[in-house]
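Structure, as structure tokens:
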Amino acid sequence: QVQLVESGGGLVQAGGSLSLSCAASGRFVGSPWMGWFRQAPGKEREFVAAIRWSGSNTNYSDSVKGRFTISRDFAKNTVYLQMTGLKPEDTAVYYCAASFLGTQARDYRFWGQGTQVTVSS
């Protein structure tokens, strides 16, 4: 089992920056994909970014490419999402997730509780 705890959400003005953290604990077997997803009110959960726990593979959605950066710290067992150039449409609850199967959204079986990000215009 893997436990994920997000932190770092908050309120920021458009154009500002925010950094999210995801502390992971539990049993890591192999090299899972660690992903960030978000869900805005009335919308479906959508993929934001992912990183392979070992190695340098990363994926980003087109809507955040060039503005968000995903990274991880082995020593702290933590995954980060650095968000810059924030827009009101980035407002959502952001979730950290882990997949030991693949990169599709349905492959992510472990989820954090989410952290709210609100971008004011």
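Bear in mind the structure is a predicted one, so any value in this text is a computation, not a measurement.
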Report yes if some heavy atom in the side chain of [X] is under 4.5 Å from a heavy atom in the side chain of [Y]; otherwise report no.
{"X": "Trp111", "Y": "Leu4", "result": "no"}
{"X": "Phe110", "Y": "Gln3", "result": "no"}
{"X": "Trp53", "Y": "Asn77", "result": "yes"}
{"X": "Asn57", "Y": "Ile51", "result": "no"}
{"X": "Val48", "Y": "Tyr95", "result": "no"}
{"X": "Ile70", "Y": "Tyr60", "result": "yes"}

**OP:** Answer with yes or no whether the side chains of Thr84 and Gln82 bring together a donor and an acceptor at under 3.5 Å.
**Re:** no
**OP:** Could you please spell out the steps behind the side-chain contact (heavy atoms from CB on, under 4.5 Å) verdict for Glu46 and Arg38?
**Re:** CA-CA 5 Å; Glu46 65 171 351; Arg38 66 187 182 186; 2.6 Å; yes
In Å, rounded to the nearest 0.5 Å, how long is the span from [atom1] of [X] to [atom2] of [Y]?
{"X": "Met83", "Y": "Thr69", "atom1": "CE", "atom2": "OG1", "answer": "11.0 Å"}
{"X": "Arg52", "Y": "Trp33", "atom1": "CZ", "atom2": "CH2", "answer": "6.0 Å"}
{"X": "Ser63", "Y": "Phe68", "atom1": "OG", "atom2": "CZ", "answer": "7.5 Å"}
{"X": "Tyr94", "Y": "Thr115", "atom1": "OH", "atom2": "OG1", "answer": "10.5 Å"}
{"X": "Met34", "Y": "Thr78", "atom1": "CE", "atom2": "OG1", "answer": "9.0 Å"}

Please answer: with hydrophobic residues joined when any side-chain heavy atoms are less than 4.5 Å apart, are [X] and [Y] in the same cluster?
{"X": "Val2", "Y": "Tyr80", "result": "no"}
{"X": "Phe37", "Y": "Val119", "result": "no"}
{"X": "Tyr108", "Y": "Val79", "result": "no"}
{"X": "Leu81", "Y": "Val93", "result": "no"}

**OP:** List the steps and the verdict of side-chain hydrogen bond (donor to acceptor under 3.5 Å, both in side chains) for Glu89 and Thr91.
**Re:** CA-CA 5 Å; Glu89 51 264 42; Thr91 295; over 6 Å; no
**OP:** Taking all heavy atoms of Ala92 and all of Ala40, pick out the closest pair and write down the distance.
**Re:** CB-N, 3.8 Å
Subject >> Heavy-atom closest contact (Ser121 atom, Ala14 atom, distance) >> reply: CA-CB, 4.3 Å
Under 3.5 Å: donor-acceptor pair, side chain of [X], backbone of [Y]:
{"X": "Glu6", "Y": "Cys96", "answer": "yes"}
{"X": "Arg67", "Y": "Gly85", "answer": "yes"}
{"X": "Gln39", "Y": "Glu44", "answer": "no"}
{"X": "Thr58", "Y": "Ala50", "answer": "no"}

Subject >> Salt-bridge criterion met for Lys65 and Asp62 (N-O under 4.0 Å) >> reply: yes
Indicate every side-chain donor-acceptor pair of residues 98-106 with a distance under 3.5 Å to a residue at least two apart or in another chain.
from: Ser99; atom 1: OG; to: Leu101; atom 2: N; distance (Å): 3.3
from: Ser99; atom 1: OG; to: Gly102; atom 2: N; distance (Å): 3.1
from: Ser99; atom 1: OG; to: Gly102; atom 2: O; distance (Å): 2.6
from: Ser99; atom 1: OG; to: Asp107; atom 2: O; distance (Å): 3.3

**OP:** Please report the C-alpha distance between Leu18 and Val117 in whole Å, then the side-chain angles of each, then the deciding distance to 0.1 Å, and finally whether the side-chain contact (heavy atoms from CB on, under 4.5 Å) criterion is met.
**Re:** CA-CA 9 Å; Leu18 208 58; Val117 172; 4.0 Å; yes
**OP:** Count the heavy atoms belonging to other residues, nucleotides or ligands that lie under 6.0 Å from CD of Gln113, then report whether that count exceeds 12.
**Re:** yes
